[in-house]
Amino acid sequence: MSEGAVHLSISGGVASVVFDRPAARNAMTWAMYELLNQICEQLAAETSVRVVTFRGEGGQAFVAGTDIEQFRNFRSGEDGVAYEQQIDECIARLESLPMPTVALVEGWAIGGGLAIATACDFRIATPGSRFGVPIARTLGNCLSVANLARLSAVFGIPRVKRMLMLADVLTADEALVCGFLTQVSEAGEIDAVLASLCERLAALAPVTQRVSKEGLHRLVSHGLPSDADLIRRCYGSDDFREGVSTFLAKRSPAWKGV
């Protein structure tokens with residue numbers, strides 16, 4: 001399967017970013033994360049861009065996490081620490097874009113895909129979209145404290161516990177009720193909804209938007225504790241190796257707690 005791509009186009013002050021690996025539900029490869037990094041660096045300097053949108057190719061998924069095949073080569077907890085740091089840096093670069101950002105979700109926004117959507121300022125979705133981090137059922141890994149803070153800020157800690165500890169996947173309706181989503185619209189209407197939202201955002205005071213966004217970011221990210229010990233313990237565990245091998249073999253894991 002291909003390493004996928006992340007595309008950028010700019011028109012009329014709106015930048016469109018598309019995750020393009022539909023055969024794998026747009027699951028992110030290392031190459032795609034690097035392309036996303038480069039695109040965010042470029043956009044940060046694009047003074048003519050007023051709004052940035054993010055969506056997945058194919059209409060079936062936004063991003064269905066990180067490609068699990070890439071975890072096959074992890075040998076110790078240090079690999080997990082390096083991976084989570086890499087993801088944190090990528091998500092932080094997206095989150096720090098000075099202009100408003102909008103995620104359009106059609107289908108699955110899971111794991112790393114949920115982190116990307118959460119780093120955006122606004123999110124709209126189709127009714128069948130689903131949101132979660134079911135790693136307690138699939139891989140046996142964990143999230144960084146930075147991503148836990150982002151999720152908790154928009155979903156609340158009780159829902160985040162459900163997603164992480166019960167492996168619950170939330171519906172679009174629940175994501176709308178808790179404020180994670182700005183709007184839920186049918187697939188045939190979602191592009192018009194996105195265009196309308198971008199038009200509203202582009203018509204408002206950009207300095208106010210930029211300063212408000214950064215102030216809110218500082219509130220959420222201020223003084224986060226170290227998490228390397230937690231990540232190292234999880235990614236260095238037998239359970240994580242079991243999760244990766246059984247996921248790729250398409251069988252159920254036998255968790256041992258070590």
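Summarising the local packing, CZ of F74 is surrounded by more than 12 heavy atoms from other residues, nucleotides or ligands at distances under 6.0 Å. Within a 6.0 Å radius of CZ in R25, other residues, nucleotides and ligands contribute 12 heavy atoms or fewer. The environment of I10 atom CD1 is dense: over 12 non-hydrogen atoms of other residues, nucleotides or ligands sit within 6.0 angstrom.
Under the 3.5 Å distance criterion, the side-chain polar atoms of T138 are matched with a main-chain donor or acceptor of P134. Remark: the backbone N or O of Q209 is not paired with any side-chain donor or acceptor of S212 at under 3.5 angstrom. Panel note: side chain S245, backbone E242; a donor-acceptor pair is recorded below 3.5 Å. Of the possible donor and acceptor atoms, one in the side chain of S129 sits under 3.5 Å from a partner among the backbone N and O of V105. Under the 3.5 Å distance criterion, the side-chain polar atoms of D239 are matched with a main-chain donor or acceptor of G257. Between the side chain of D79 and the backbone N or O of R75 there is at least one donor-acceptor pair closer than 3.5 Å. A donor-acceptor pair is defined here as one N or O able to donate and one able to accept, closer than 3.5 Å; such a pair exists between the side chain of R50 and the backbone of L204. Without hydrogens or angle criteria, T29 side chain to E3 main chain gives a donor-acceptor distance under 3.5 Å.
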Between R21 and N26, is a side-chain hydrogen bond (donor to acceptor under 3.5 Å, both in side chains) present by the stated rule, with each step listed?
CA-CA 4 Å; R21 199 167 176 246; N26 302 318; over 6 Å; no
Does the salt bridge (charged side-chain N to carboxylate O under 4.0 Å, His left out) test come out yes or no for R93 and E41, once each step is laid out?
CA-CA 7 Å; R93 190 165 283 116; E41 287 181 4; 3.7 Å; yes
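For the residue pair E34 and Q38, a side-chain donor N or O sits within less than 3.5 Å of a side-chain acceptor on the partner. In the model, S76 has no side-chain atom that pairs as donor or acceptor with a side-chain atom of E78 under 3.5 Å. Side chains of Y235 and E84: a donor-acceptor N/O pair is present below 3.5 angstrom, by distance only. Counting only N and O atoms by type, the side chains of D88 and S144 include a donor and acceptor under 3.5 Å apart.
Using a 4.5 Å cut-off on side-chain heavy atoms (C-beta onward), M32 and V63 make no contact.
If you chain together hydrophobic residues whose side chains sit under 4.5 Å apart, I68 and I110 never meet in one group.
Ring geometry, F180 versus F131: the interplanar angle exceeds 60°, so the pair is classed perpendicular (tilted spans 30 to 60°).
Checked for salt-bridge contact, R232 and D229 miss the test: no charged N lies under 4.0 Å from a carboxylate O. A salt bridge links E174 to R162: one of the charged nitrogens lies within less than 4.0 Å of a carboxylate oxygen. In summary, R218 and E214 engage in a salt bridge, as defined by a charged side-chain N under 4.0 Å from a carboxylate O.
Note: L170 CG to F155 CZ = 5.5 Å, rounded to the nearest 0.5 Å. Atoms OG1 and OH, from T66 and Y33 in turn, are 2.5 Å apart once rounded to the nearest 0.5 Å. The distance from atom CG of L43 to atom OG1 of T101, rounded to the nearest 0.5 Å, is 10.5 Å. Separating the NZ atom in K213 from the CE atom in M99 is a distance of 7.5 Å, to the nearest 0.5 Å. Note that SG of C40 and CG of L97 are 4.5 Å apart. Values are rounded to the nearest 0.5 Å.
Taking the ring centre of F62 as origin, the terminal cationic atom of R55 falls outside the region bounded by 6.0 Å and 45° from the ring axis.
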